[in-house]
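Only one structure is covered here, and it is reproduced in the block below.
Just so you know, residue 1 is the first one in the sequence shown, and it goes up from there.
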Amino acid sequence: QVQLVESGGGSVQTGGSLRLSCAYSGATIGGDCITWFRQAPGKEREGVVVTNIDGYYFYYADSVKARFRISVDNAKNTVYLQMNTLKPEDTAMYYCAARSGTFCGTRWNWEHTYQYWGQGTQVTVSS
């Protein structure tokens with residue numbers, strides 16, 4: 001059983017930065033994919049970035065590619081999402097999700113392929 005706990009959300013002004021954390025437990029060694037999703041009010045949940053738990057595979061949504069960076073610290077069992085140059089359109093609830101048994105790049109942004117979800121952390125960017 002994988003458990004995920006997000007933290008690090010908050011309110012910032014346009015151009016600011018935040019670092020989100022996703023603490024995981026119960027993940028198998030190798031093969032697990034962890035993805036950050038976000039959901040803005042009135043919009044569908046969308047994939048932001050996926051990584052494998054070993055930290056050598058990444059894929060970013062085009063909307064964040066040049067501004068966000070994902071990293072994995074296996075010593076701390078934590079996946080980080082560094083978000084820079086934040087925009088109002090980044091305002092959303094951010095979730096981390098995990099799945100195993102599938103190559104991380106396959107349908108990485110299909111939320112129904114993920115078995116485990118955190119509770120989410122709110123990010124608000126004001127103009």
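- Considering only heavy atoms from C-beta on, Phe68 comes within 4.5 Å of Val48 through its side chain.
- Judged by a 6.0 Å distance limit and a 45° cone about the ring axis, Arg38 is not positioned over the six-membered ring of Tyr95.
- In the displayed structure, Arg69 atom CZ is contacted under 6.0 Å by at most 12 heavy atoms of other residues, nucleotides or ligands.
- Counting heavy atoms from C-beta outward, Asp54 and Val72 have side chains that stay 4.5 Å or more apart.
- For the residue pair Val125 and Lys87, the shortest heavy atom distance occurs at CB-O, 3.3 Å.
- Aromatic pair Tyr57/Phe103: centroids less than 6.0 angstrom apart.
- Atom CD of Gln82 sits in a crowded spot, with more than 12 heavy atoms from other residues, nucleotides or ligands closer than 6.0 Å.
- Shown here for Cys96 and Ile34, the closest heavy-atom pair between the two residues is CB-CG2, 4.4 Å.
- By the neighbour-count criterion of 12 heavy atoms within 6.0 Å, atom NZ of Lys65 is densely surrounded, having more than that number from other residues, nucleotides or ligands.
- The cationic group of Arg19 lies under 6.0 Å from the six-membered ring centre of Tyr80 and within 45° of the ring axis, placing it in a cation-pi geometry.
- Nearest heavy-atom pair across Arg99 and Arg107 is NH1-O, 3.2 Å.
- Contact detail for Leu20 and Gly9: the closest heavy-atom pair is CD2-N, 3.6 Å.
- Between Cys33 and Tyr114, the shortest heavy-atom distance links the atoms O-CE2, 4.4 Å.
- The shortest non-hydrogen separation linking Trp36 to Cys22 is CZ2-CB, 3.5 Å.
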